[in-house]
Student: 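Shown below is the structure under consideration.
Given the structure is predicted, the values throughout are model-derived calculations rather than measurements. We name chains A, B, ... by the order of the sequence lines, and we start the count at 1 in each one.
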2 protein chains.
Amino acid sequence: MGRTADYSKQSCAVAATLEVVGDPWTLLILRDAFQGVRRFEQWQDRLGVARNVLAARLKALVANGVLTTRLYSERPPRKEYLLTHKGKDLRPVLLTMAAWGDQHVYGEGGGPHVRIHDPCGHEFKAKLVCEGCGEALTPGDLTFEARHEGHMPTVAEAMAKA
Amino acid sequence: MGRTADYSKQSCAVAATLEVVGDPWTLLILRDAFQGVRRFEQWQDRLGVARNVLAARLKALVANGVLTTRLYSERPPRKEYLLTHKGKDLRPVLLTMAAWGDQHVYGEGGGPHVRIHDPCGHEFKAKLVCEGCGEALTPGDLTFEARHEGHMPTVAEAMAKA
DNA sequence: TGGCTAGGTTTTGTTTTGCAACGGACCTAT
DNA sequence: ATAGGTCCGTTGCAAAACAAAACCTAGCCA
């Protein structure tokens with residue numbers, strides 16, 4: 001059979017997200033979209049991705065509601081790809097990944113780019129907090145629970161019992 | 001050439017991160033690792049991933065310093081896979097993705113699981129803030145700048161230093 | 001007429017994946 | 001002791017996704 005993992009059976013929000021953006025190129029396409037890329041040729045130049053693959057990814061992203069198309073020229077018909085609200089909400093995912101890459105792949109010196117947080121003027125460093133209490137994340141401070149009846153015993157639960 | 005995107009030319013922290021965890025299965029393997037999975041058969045049962053692929057991914061994750069192995073049985077030699085510090089730091093990435101999946105794939109009702117933030121007792125909702133000023137992210141509040149003058153260290157170089 | 005651009009699609013191979021079978025090395029129950 | 005079971009992979013094969021480059025449509029330019 002094919003390559004793609006059948007994330008859909010996983011019944012998990014992470015798997016659901018990966019089903020949309022889990023492709024090797026998709027997140028890079030979106031990274032460029034956040035930096036203003038909107039046209040086929042721009043992505044092709046920047047990423048060097050095969051044209052057929054790029055066409056397939058853009059089509060899938062539109063189908064999934066992450067991007068929309070808009071004609072910027074009637075004759076000849078030319079369309080550009082814009083982030084939807086759903087797509088813009090992926091920015092935290094990319095920033096979190098960028099933060100990890102800066103710290104753990106590039107190390108001390110930091111990555112090749114700096115992101116400046118305009119409101120405060122300092123380098124932006126991503127920090128994840130609990131929206132409810134505003135506290136930062138600490139190891140092991142989360143407990144998983146099934147929301148729906150149809151119970152799926154997780155490993156976490158199984159280990160908690162042991 | 002083969003299938004795999006050559007992220008290494010991208011010279012970008014996102015691409016660097018994807019080089020480590022951008023594989024279709026890798027993030028699901030790590031998701032389970034955060035829920036306590038440590039052994040080959042556990043992953044195989046839960047994910048249904050092909051055994052050769054799982055073996056390859058685990059090997060790559062160890063090579064990349066995201067997981068370590070530890071013998072839990074001398075005879076027969078059996079090893080388990082544990083998250084390193086570097087690996088544990090990927091938790092924000094997974095939580096951010098989970099938050100997006102909950103909101104945009106599952107929608108109103110929320111995803112199949114709830115994550116409880118033990119310190120405050122409420123459902124954990126991920127929020128990304130600027131570590132410097134503590135303010136939440138708003139659209140277009142980041143500016144990108146190149147850090148280095150002439151030279152952009154490639155991922156390959158960065159890894160060679162490590 | 002010929003050349004150029006933008007945005008793809010088609011064609012032709014190469015890589016990777018999924019699957020199932022096999023392997024070794026050790027336990028345990030009969 | 002021998003048969004079965006567990007755990008952790010490795011090997012071989014067909015199918016799917018991929019990469020590269022040629023090709024196509026549709027207009028525009030001169």
Student: Within the 3.5 Å criterion, strictly below it, is a donor on A:Tyr72 or A:Arg39 matched to an acceptor on the partner's side chain?
Tutor: yes

Student: In whole angstrom, what separates B:Leu58's CG from D:dT10's C1'?
Tutor: 14 Å

Student: Could you check which of C:dC19, C:dT17, D:dA19 has an atom nearest any side-chain atom of B:Ala50?
Tutor: C:dC19

Student: Measure CG/A:Leu71 against C1'/D:dG27 and give the value in whole Å, please.
Tutor: 14 Å

Student: State whether A:Lys59 places a side-chain N or O below 4.0 Å from either non-bridging phosphate oxygen (OP1 or OP2) of C:dT9.
Tutor: yes

Student: Between atom OH in A:Tyr81 and atom C1' in C:dG7, what is the gap in whole Å?
Tutor: 8 Å

Student: Would you mind checking if B:Asp141 and A:Arg115 are paired as a salt bridge, meaning a charged N to carboxylate O distance below 4.0 Å?
Tutor: no

Student: Round to the nearest Å and state the distance from B:Arg57 atom CZ to C:dT16 atom C1'.
Tutor: 9 Å

Student: Working to the nearest 0.5 angstrom, can you tell me the gap between B:Thr96 OG1 and A:Leu90 CG?
Tutor: 10.5 Å

Student: Find out whether the Lys NZ or Arg CZ of A:Arg70 is both under 6.0 angstrom from the six-membered ring centre of A:Tyr81 and within 45° of the ring's axis.
Tutor: no

Student: If you find the nucleotide of DNA chain D closest to B:Ala56 and the one closest to A:Arg51, which residue's nucleotide is nearer the 5' end?
Tutor: B:Ala56

Student: Between the side chain of B:Trp43 and the main-chain N/O of B:Ile29, is any donor-acceptor distance below 3.5 Å?
Tutor: yes

Student: In this structure, how many angstroms lie between the P atom of C:dG7 and the CG atom of A:Asn52, rounded?
Tutor: 17 Å

Student: Return the value, rounded to whole Å, for the distance between atom CD of A:Gln44 and atom P of D:dA19.
Tutor: 11 Å

Student: Does A:Val53 belong to the same Ile/Leu/Val/Met/Phe/Trp/Tyr cluster as A:Val21, with side-chain heavy atoms less than 4.5 Å apart forming each link?
Tutor: yes

Student: Give none if C:dT28 has no partner; otherwise give the nucleotide forming a Watson-Crick or G-U wobble pair with it, both distances under 3.5 Å.
Tutor: D:dA3

Student: Whole-Å distance between C:dG8 P and A:Leu54 CG?
Tutor: 8 Å

Student: Using modelled atom types only, decide if a donor and an acceptor are shared between the side chain of B:Thr17 and the backbone of A:Trp100 within a distance under 3.5 Å.
Tutor: no

Student: Thinking salt bridges, do A:Arg51 and A:Glu41 make one under a 4.0 Å N-O criterion?
Tutor: yes

Student: At 10 degrees resolution, what angle do the end axes of the helix from C:dT1-D:dA30 to C:dC22-D:dG9 form when each is taken over five base pairs?
Tutor: 10°

Student: Is any side-chain N or O of B:Trp25 closer than 4.0 Å to OP1 or OP2 of C:dG18?
Tutor: yes

Student: Within the sub-3.5 Å range, which N or O atoms of nucleotides 4-6 of chain C have a protein N or O partner, and how far apart are they?
Tutor:
{"unit_1": "C:dA6", "atom_1": "O4'", "unit_2": "A:Arg78", "atom_2": "NE", "d": "3.0"}
{"unit_1": "C:dA6", "atom_1": "O4'", "unit_2": "A:Arg78", "atom_2": "NH2", "d": "3.4"}
{"unit_1": "C:dA6", "atom_1": "O3'", "unit_2": "A:Tyr72", "atom_2": "OH", "d": "3.2"}
{"unit_1": "C:dA6", "atom_1": "N3", "unit_2": "A:Arg78", "atom_2": "NH2", "d": "3.1"}

Student: Tell me: CG of B:Leu47 to P of D:dG9, nearest whole Å?
Tutor: 15 Å

Student: Once the angle between the rings of A:His104 and B:His85 is folded into 0 to 90°, is it parallel (under 30°), tilted (30 to 60°) or perpendicular (over 60°)?
Tutor: perpendicular

